[in-house]
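All remarks here apply to the structure that follows.
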Amino acid sequence: MPSMTSSDSAQRQSNHNTDVNQLKKLKAEPFARRQKIEQHRKSLPIAAVEKVLLEEVRNNDTLIVVGETGSGKTTQLPQYLNNGGFCRNGGIIGITQPRRVAAITVAKRVAEECGVALGQQVGYAIRFEDVTSRSTRIKYMTDGLLLREALLDSYLSKYSVIIVDEAHERTVHTDVLLGLLKTVQKTRSQGVSDAVNIDHREAKNGMLLEKHNGSEVASILKQCRGKKLSPLKIIIMSASLDARVFSEYFGGARAVHVQGRQYPVDILYTRQPETDYIDATLITIFQIHMEEGPGDVLVFLTGQEEIESVERLVHERLPQLSESKRKLLTFPIFSSLPSEKQMKVFMPAPVGFRKVILATNIAETSVTIPGIKYVIDPGMVKVRTYEASTGIEPLIIIKTSKAQALQRSGRAGREGPGKCYRLYPENEFDKLKDSTTPEIKRCNLSNVILHLKALGIDDIIGFDFIEQPDRIAIIKSMELLFLLGALTEESKLSDPVGQKMARLPLDPIYSKALIIASQFNCLEEMLIVVAMLSVESIFYAPREKLEESRIALKSFASPEGDHLTLLNVYRASEEFLQKSNLVNSKEKAEKNLRKWCKENFINSRSVKHARDIHSQIRRNAEQMGFHVTSCGDDLLPLRRCLAASFFLNAALKQPDGTYRALSSGLTVQIHPSSVLFRMKPDCIIFDELVRTNHNYIRNISRIDYLWLAELAPQCYALQE
DNA sequence: GAGCACTGC
């Protein structure tokens, strides 16, 4: 699957200025192609109900659209609304997606269907990338991005319609957005009288913004005071057959069902429950290979370890088959797999060969692999959970939900009729939960709370969520925010600390670290550390090259800990890139950087991501008036700032070499990947606590015990 | 002396 690069986006941005050329190109476009697009649009199931849909949207403020895969709802409905006059008076139709790739690919498709250049009437916006312009009327975006926009414009006043797509996935962002939209819709329909009440908060946000963006804020304020806000239309789109939850949440909103277009998939169950689903998976793979016609196989497993062991077992058993039957190739895919290896699943198998794709959940929604005819679903999934009492978020393996099983089997019917092998008996299916527990019920809520508070929503427990999060989880997260100084004793967002933390797109602890660092002249360094902590693992150590990777790591290692080590890695990569830039083109320099990363056992995707985050938060920090200064060679202030922000994650060495986490009282161990694994300093702070065989802490720095009482007196007092 | 699903700002 083609991935976006920043150079792509730069090119697209420059396209905005070449309308004339675009027009010429469009005029020259073959008539046949346009006709083909029109034909395709008319053939979609949703086309049959275009008039009904427009009528329903005109007559109702909120509408639920239930459409299965292939209905065309995501690409067509916004076009219908645009043609139906819903963008009159300059209103924008916003469509939110849970994933970035979806926002990009759908926007591209719709721009093509409309015959316009991407970024003009049709565009998209995701983090780090805004491909929209003043003329954009249909805007695809991630739901998280719209939530961010709401912090600057709490009425979402530029949108006439907001469509929340894939609402059935129930991500945290979707759930918070639904709650917000409900409030915004109410306020906007009440019009100008109530708007005045919120002006106070607008003004407060405005204060923060004025330094860099006074005109934008002024215009929002003017909009709110001067004119009556137009009502907001909300459309919730879901693929789940049960629209009731959404309908009830929006006061009995009407629901329209749109036919999907999928090929039939035969569902096969086992007669008996399987005791070992890995073994059952293997048997099924070979059964399909020996007995079924051509077509590739997609197997859903829970994680990297399972994928690698199934792959090994398949190759062990393959030689037992007759030579003509050995034409079977396996391809693993999971998110942490380097992208060049991920790409391989998209390549067609050589003639006569059958591809077996061993995938995690990534193949459920995030990537669509062509050629799949058979799906093997053992019915298990690995999910992150949240323990409010300890704050740990352990990963556990559980049974899938019915909705998930349906989603998986649907992967076999995209190009023709298919088969799905569920490795459990049919009566087990009936016992599965209808849908997956919404993320908001199993995650840390500190960011959600910070966000809602910044939107002026103070009563979190009383907030009208579509599904209420755990009361205890809310209270725990509020406690954390209070200890970080983001909330006052009255649970109000503090000014300026809480206000500033809410504006940064980071974990609250990281935001706090930036605020403290700005006061101790080491913001330059902290911006790098926080960016590096925000991405997936920076180092990778393939089993076969363990020793080599260890030597590579040593050249960056700091005796003070992992935070300074990450700083060293970032600086080394920057230095390499700058030197390379002097003698190479930008593309060549980036390619060289990837090579440098590989040689040093560093994940180049993570470094790229960290650089993007770094430039974003650096800009944010400057906009908020922070002084980005460096502490130079003396990194003591940086370590003190780490202690002052990560004080809740402090741990003390015990006589047996394990550590005691001070706030939770848990016994923890330094993860073997840490540079401090052997050093074992007396007092440390850590970034993260993960539970596997032990309670492991990761990303650790040595600190002085006395700093805790000095820098976090709200938590620690010196004992006599 | 270890292995962590997937997203997102």
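Protein chains get the first letters and strands the later ones, always in sequence-line order, with residue 1 at the start of each.
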Q: Determine, step by step, whether A:Thr390 and A:Glu387 satisfy the side chain to side chain donor-acceptor pair (under 3.5 Å) criterion, reporting the C-alpha distance in whole Å, the side-chain angles of both residues, the deciding distance to 0.1 Å, and the verdict.
A: CA-CA 6 Å; A:Thr390 55; A:Glu387 274 177 22; 2.9 Å; yes

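Between the NE2 atom of A:His609 and the C1' atom of B:dC9 there is a distance of 9 Å, given to the nearest Å. For the pair A:Glu547 CD and B:dA2 C1', the computed distance is 15 Å after rounding to whole Å. For A:Leu145 and B:dC9, the CG to P distance is 6 Å, given to the nearest whole Å. Rounded to whole Å, the distance from CG on A:Asn699 to P on B:dA2 is 18 Å. Distance, A:Asn361 CG to B:dC4 P: 16 Å, rounded to whole Å. A:Tyr696 places its OH atom 8 Å from the P atom of B:dG1, with the value rounded to the nearest Å. A:Glu166 places its CD atom 15 Å from the C1' atom of B:dG8, with the value rounded to the nearest Å. Here B:dG3 presents its P atom at 11 Å from CG of A:Asn695, a figure rounded to the nearest Å.
When distances run from any side-chain atom of A:Ile362 to the nucleotides B:dC6, B:dA2, B:dC9, the shortest one goes to B:dC6. With distances taken from any side-chain atom of A:Arg550 to the nucleotides B:dA2, B:dC4, B:dC6, the minimum falls on B:dA2. With B:dC4, B:dG1, B:dG3 as the candidates, the nucleotide lying closest to the side chain of A:His671 is B:dG3. Taking only side-chain atoms of A:Pro672, from C-beta outward, the nucleotide of B:dC6, B:dC4, B:dG1 with the closest atom is B:dG1.
Considering only side-chain N and O atoms, A:Thr360 lies under 4.0 angstrom from the phosphate OP1 or OP2 of B:dC6. The phosphate of B:dC4 has neither OP1 nor OP2 within less than 4.0 Å of any side-chain N or O from A:Ser537. Between A:Thr692 and the phosphate of B:dG3, there is a side-chain N or O to OP1/OP2 separation shorter than 4.0 Å. Close to B:dC9, at under 4.0 Å from its OP1 or OP2, lies a side-chain N or O of A:Arg100. The phosphate of B:dC9 has OP1 or OP2 within less than 4.0 Å of a side-chain N or O from A:Thr142. The phosphate of B:dC6 (OP1 or OP2) has a side-chain N or O of A:Ser335 nearer than 4.0 angstrom.
When heavy atoms are screened at a 4.0 angstrom cut-off, A:Val172 is found touching no nucleic acid atom at all. Using a 4.0 Å heavy-atom distance criterion, A:Asn693 is classed as a sugar-phosphate-only contact. Among the heavy atoms of the strands lying under 4.0 Å from A:Gln304 are primed sugar atoms or P, OP1, OP2 only; no base atom is included. Among the atoms of the strands shown, none is found under 4.0 Å from any heavy atom of A:Arg170. Backbone-only contact: A:Arg99 has heavy atoms under 4.0 Å from sugar-phosphate atoms and none from a base. Among the heavy atoms of the strands lying under 4.0 Å from A:Arg698 is at least one base atom, whether or not backbone atoms are also near.
Between A:Arg99 and A:Glu169 a salt bridge is recorded (basic side-chain N to carboxylate O distance below 4.0 Å).
Comparing A:Leu546 and A:Glu439 by the nucleotide of DNA chain B that holds the closest heavy atom to each, the one mapping nearer the 5' end is A:Leu546. Residues A:Arg442 and A:Gln616 each lie close to DNA chain B; by heavy-atom proximity, the contact nearer the 5' end of the strand is made by A:Arg442.
Looking only at side-chain heavy atoms (C-beta outward), A:Val310 and A:Leu358 come within less than 4.5 Å of each other. With contacts defined as side-chain heavy-atom distances shorter than 4.5 Å, the pair A:Ile333/A:Thr360 does not qualify.
By the 30° and 60° cut-offs, the orientation of the rings of A:His614 relative to A:Tyr570 is tilted. Aromatic ring orientation, A:Phe539 versus A:Phe556: tilted (interplanar angle from 30° to 60°).
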